[in-house]
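Some notes on the structure that comes next.
The structure presented is a predicted model; accordingly, all values stated were derived computationally and were not measured.
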Amino acid sequence: MDLNLKKDRNMRRKPSIDVSSLVYGKIPPQAKELEEAVLGAVMLEKGAFDTVIEILKAECFYVEAHQIIFTAMTKLAAKSMPVDILTVTEELRSMGSLEQVGGPFTVMKLTNMVVSSANIEAHARIILQKFIQRELIRISGEILSESYEDTADVFDLLDSAESKLFEVTNNHLRKNYDSIDRVLVNTMKRIEDLRNKGDDITGVPSGFPSLDKVTYGWQPTDLIIIAARPSVGKTAFALNLARNAALHPRFPKGAAVFSLEMSSGQIVQRILSAESEIKLEKISRGKLEEYEMKKLMTHGIERLAKAPIFIDDTPALNIFELRAKCRRLVHNHGVGVIIIDYLQLMSGSGDGRTNREQEISKISRDLKGLAKELQVPVIALSQLSRDVEKRKDGNKMPQLSDLRESGAIEQDADMVMFLYRPEYYEINTNEMGESNKGETHVRIAKHRNGQLDTIKLRAVLEYQRFEDDGSLENPGGGNPFAGIRPQQGGNDEAKLYIQKGSRMNDMNFDEGFEDAPF
């Protein structure tokens, strides 16, 4: 009896095998000898550092002493000083890190590990590979740990995992330069395609002929800023752009709308108002007559249900989440234009080490990087400062200096457009004494690849519509697509999708999106 009891206890004490037992105790991927060879080669030959710095950063080295030495080399290069045994030793001494790396003898010993820098690029790339392996192990461990938490939101985990992996790619696997002959081939192919296309629109159409005449459509890789004072109609204009792009009869493009200010329901109501030409106030309150309800169903929902428009109303969205979501939308749904409403509501890194102006600058740079990465235009709405109101000369037309919180927005943007409505400043007649109700000036204040101009549109904000000036009298009722028959096929299988704050309990399992509730 005692023997059986003892045996039973031993069986219960036997530890279970888990995944961690397969990881703990292993040496992380590393190439210590190659690290020494690379550092030694840099100190031996002039110009070797320029080759290495394009591939490696200090954190890529596994040995801490090697990280410190490479940091000293980087500081020397930044000061345009030569990188050799003596200068590196002196720089380490000034950093107070000479003894930490092992003293002057250790620095000198590195040069004995290599004869020349002939293979330094190959050695550097192997060191980078080992570093990426270590990073993948670290990130996988973090994901594994977070996934065991019952309180973790699954889509937050997905966004976090994707952003961490992208950070490794973005920081350490940058695109190399291209020779001009390769670029020429691609450029000539694009020119030939545009020539055969026989159409002035070379990008995503705005739906406003007068605007497309200047911009030729929103161009891939461009960051477009649309700025105005509050209540001028930025959101309505942006939603018109999304709707026009998705429903264009000849060049339909999927549109992603990230609304940080309004809910997805409010966004859809505005689009319905513009499409059905029923007042937004009536739709919002549900006070519709029978004929208006029929009109909403036939002219609004029926047409929009086929539109490839994707709406995300996640509040305080940060650039990592935005990038992950946009990448999936472009890859899975062929989205051709991304709209953000609005830039100043996006959150930064949140590390507390930067002020708001620096955060906005970083967000602006990242949005431009996103446009280049995904090869689609990114349209970001922006607020204007109160300096417009303070001008005493009576000229309230916005200027580039009025962009709020950061001058970096002006620098990063390929195009900056301002919306200006005279009636906003109680200017109710033009120079001819005629009513200018709804008159909206779209001023292109910066256009990196084209001309500057001011386009006149007409705002019918009770219907959340913008139209080419004078189009209210045309037979098409202001529809920029009136008289143009859509091509067969195209968007028949497309749907209007809404993402609700990236929370799993608010959506179905259709890649994080759910069908609109109509």
Side-chain angles (χ1 to χ4, degrees), residues 204 206-208 210-211 215 218 222-246 255-264 266-271 273-274 280 284 309 311-313 315 317 322 337-346 360 363-364 367 377-389 396-406 409-410 412-425 438-447 454-469:
V204 178
S206 71
F208 303 108
S210 57
L211 185 57
T215 64
W218 313 120
D222 275 6
L223 172 61
I224 300 106
I225 300 294
I226 300 176
R229 291 292 292 150
S231 301
V232 170
K234 293 189 299 299
T235 300
F237 183 65
L239 293 180
N240 274 234
L241 297 179
R243 171 175 149 267
N244 292 347
V257 179
F258 291 88
S259 175
L260 288 81
E261 187 175 30
M262 298 182 184
S263 69
S264 56
Q266 292 172 319
I267 294 294
V268 170
Q269 287 176 5
R270 285 169 173 251
I271 298 176
S273 176
L280 176 62
S284 300
I309 301 175
I311 303 170
D312 186 304
D313 62 358
L317 191 68
L322 176 71
V337 60
I338 296 165
I339 298 173
I340 301 161
D341 182 17
Y342 57 92
L343 191 150
Q344 281 83 4
L345 286 180
M346 291 191 69
I360 294 296
I363 292 169
S364 173
L367 289 179
V378 173
I379 301 174
L381 308 190
S382 176
Q383 290 281 23
L384 290 177
S385 68
R386 292 192 178 92
D387 293 343
V388 181
E389 321 288 350
K396 304 297 184 181
M397 179 67 76
Q399 303 172 4
L400 289 172
S401 58
D402 297 325
L403 286 170
R404 186 175 172 184
E405 287 188 313
S406 178
I409 299 174
E410 174 188 346
D412 297 325
D414 296 279
M415 185 184 300
V416 178
M417 305 169 64
F418 295 113
L419 300 186
Y420 166 75
R421 285 196 294 118
E423 63 178 314
Y424 181 84
Y425 296 101
E439 182 180 299
T440 303
H441 300 233
V442 181
R443 182 192 172 210
I444 303 176
K446 179 184 178 182
H447 194 182
T454 298
I455 312 301
K456 282 190 178 182
L457 301 178
R458 186 166 297 277
V460 190
L461 294 184
E462 60 183 355
Y463 299 128
Q464 296 295 294
R465 291 176 68 97
F466 279 82
E467 300 159 348
D468 265 313
D469 197 27

Task: Donor-acceptor pair, side chain of K446 and main chain of A413, under 3.5 angstrom - done: yes

TODO: Return yes if some donor-acceptor pair links the side-chain N/O of T215 with the main-chain N/O of W218 below 3.5 Å, else return no.
DONE: no

What's the shortest heavy-atom distance between [X] and [Y], and which atoms?
| X | Y | answer |
| --- | --- | --- |
| E467 | V460 | OE1-CG2, 4.0 Å |
| I267 | I311 | CG2-CD1, 3.7 Å |
| S206 | N244 | O-ND2, 3.0 Å |
| I309 | R243 | CD1-CA, 4.1 Å |

- [ ] Any chance you could lay out the side chain to side chain contact (heavy atoms under 4.5 Å, CB included) test for L419 and I226, step after step, and finish with the verdict?
- [x] CA-CA 7 Å; L419 300 186; I226 300 176; 4.1 Å; yes

Rounded to the nearest 0.5 Å, what's the gap from [atom1] on [X] to [atom2] on [Y]? Could you check?
| X | Y | atom1 | atom2 | answer |
| --- | --- | --- | --- | --- |
| R465 | R270 | CZ | CZ | 15.0 Å |
| D341 | S382 | CG | OG | 11.0 Å |
| I338 | L322 | CD1 | CG | 6.5 Å |
| I379 | I340 | CD1 | CD1 | 10.0 Å |
| D313 | L260 | CG | CG | 9.0 Å |
| F466 | R458 | CZ | CZ | 11.5 Å |

Open item on the list: Students often mix this up, so state it plainly: with edges at 30° and 60°, are the rings of F208 and F237 parallel, tilted or perpendicular?
Closed with: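 The arrangement is parallel - the two ring planes meet at less than 30°.
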
TODO: Assess whether side chain to side chain contact (heavy atoms under 4.5 Å, CB included) is satisfied between H441 and F418, documenting all intermediate values.
DONE: CA-CA 8 Å; H441 300 233; F418 295 113; over 6 Å; no

Side chain to side chain, [X] and [Y], heavy atoms closer than 4.5 Å:
| X | Y | value |
| --- | --- | --- |
| L345 | E261 | yes |
| Q269 | L280 | yes |
| Q464 | L239 | no |
| P377 | I224 | yes |
| I444 | M415 | yes |
| Q383 | P230 | yes |
| L211 | D468 | no |

TODO: Go through R421 and E439 one step at a time and tell me if the side chain to side chain contact (heavy atoms under 4.5 Å, CB included) criterion holds.
DONE: CA-CA 6 Å; R421 285 196 294 118; E439 182 180 299; over 6 Å; no

Open item on the list: Exactly one of L223, V416, L343 should register a side chain to side chain contact (heavy atoms under 4.5 Å, CB included) with I409. Which one does?
Closed with: L343

Open item on the list: What verdict does the side chain to side chain contact (heavy atoms under 4.5 Å, CB included) test give for M397 and R443, after you've listed the backbone C-alpha separation in whole Å, the side-chain angles of each residue and the deciding distance to 0.1 Å?
Closed with: CA-CA 9 Å; M397 179 67 76; R443 182 192 172 210; 3.8 Å; yes

